[in-house]
Amino acid sequence: MKDVNGAYRAAIFTALNGNLSYNSVNVPVFSGYAEYDGDLYVVLENANDVQSNINKNKFITQCTINIEIINYQTRGTSYVAVDNVYDQIMEILIPEPFK
């Protein structure tokens, strides 16, 4: 089985980095550990791959990666920023989900 985690993470990072914003401010994207003092950012967390059930004579894996949207707030709870960034991520990664 070939490890596709690095290529998958790089492709997602390339697609998202510089393409996310909230209130006209760029939302930074980090791959792995993030040491950032801003209040809104995205982190590509751990990636996992498992051998596909249809794997008869090929190297086929199913790879998943956790994408975390971090939003620090000082008062109250609002999901507006997180929902907005999530919608942008989905639009970039899966622009036509039913095709």
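Nothing fancy with the numbering, it's 1 onward along the sequence.
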Exercise. Specify the closest pair of heavy atoms between Asn19 and Thr14, including all atoms of both residues, with the distance to one decimal.
Key: ND2-O, 4.3 Å
Considering only distance and modelled atom types, tabulate donor-acceptor pairs under 3.5 Å from the side chains of residues 23-43, sequence neighbours left out.
unit_1: Tyr33; atom_1: OH; unit_2: Glu35; atom_2: OE1; d: 3.4

Practice problem: In sequence, state the C-alpha distance, the side-chain angles, and the governing distance for Asn71 and Val85, and then conclude on side-chain contact (heavy atoms from CB on, under 4.5 Å). | Solution: CA-CA 10 Å; Asn71 181 220; Val85 172; over 6 Å; no
Quiz item: So which heavy atom on Gln88 is nearest to which on Leu20, and how close?
Solution: OE1-CA, 3.5 Å
Practice problem: Is it possible for you to say whether Ile70 and Tyr79 belong to one hydrophobic cluster, with membership spreading through side-chain heavy-atom contacts below 4.5 Å? | Solution: no
Quiz item: Do Ile94 and Ile65 belong together in a cluster built from hydrophobic side chains that touch within less than 4.5 Å?
Solution: yes
Self-check item: Rounded distance [0.5 Å steps], CZ in Arg9 versus CD1 in Ile67
Solution: 10.0 Å
Self-check item: By ring pair (Phe, Tyr, Trp, His ring centres under 6.0 Å) - contacts of Tyr8 (at least two apart)
Solution: none
Practice problem: Tell me whether Val82 is reachable from Tyr72 by hopping between hydrophobic residues (I, L, V, M, F, W, Y) whose side-chain heavy atoms are closer than 4.5 Å. | Solution: no
Quiz item: What distance do Ile92 atom CD1 and Ile12 atom CD1 have between them, rounded to the nearest 0.5 Å?
Solution: 11.5 Å
Practice problem: Just jot down the ring pair (Phe, Tyr, Trp, His ring centres under 6.0 Å) partners of Tyr22, sequence neighbours excluded, or say none. | Solution: none
Quiz item: So, Glu68 and Asn66: side-chain donor and acceptor under 3.5 Å apart, yes or no?
Solution: no
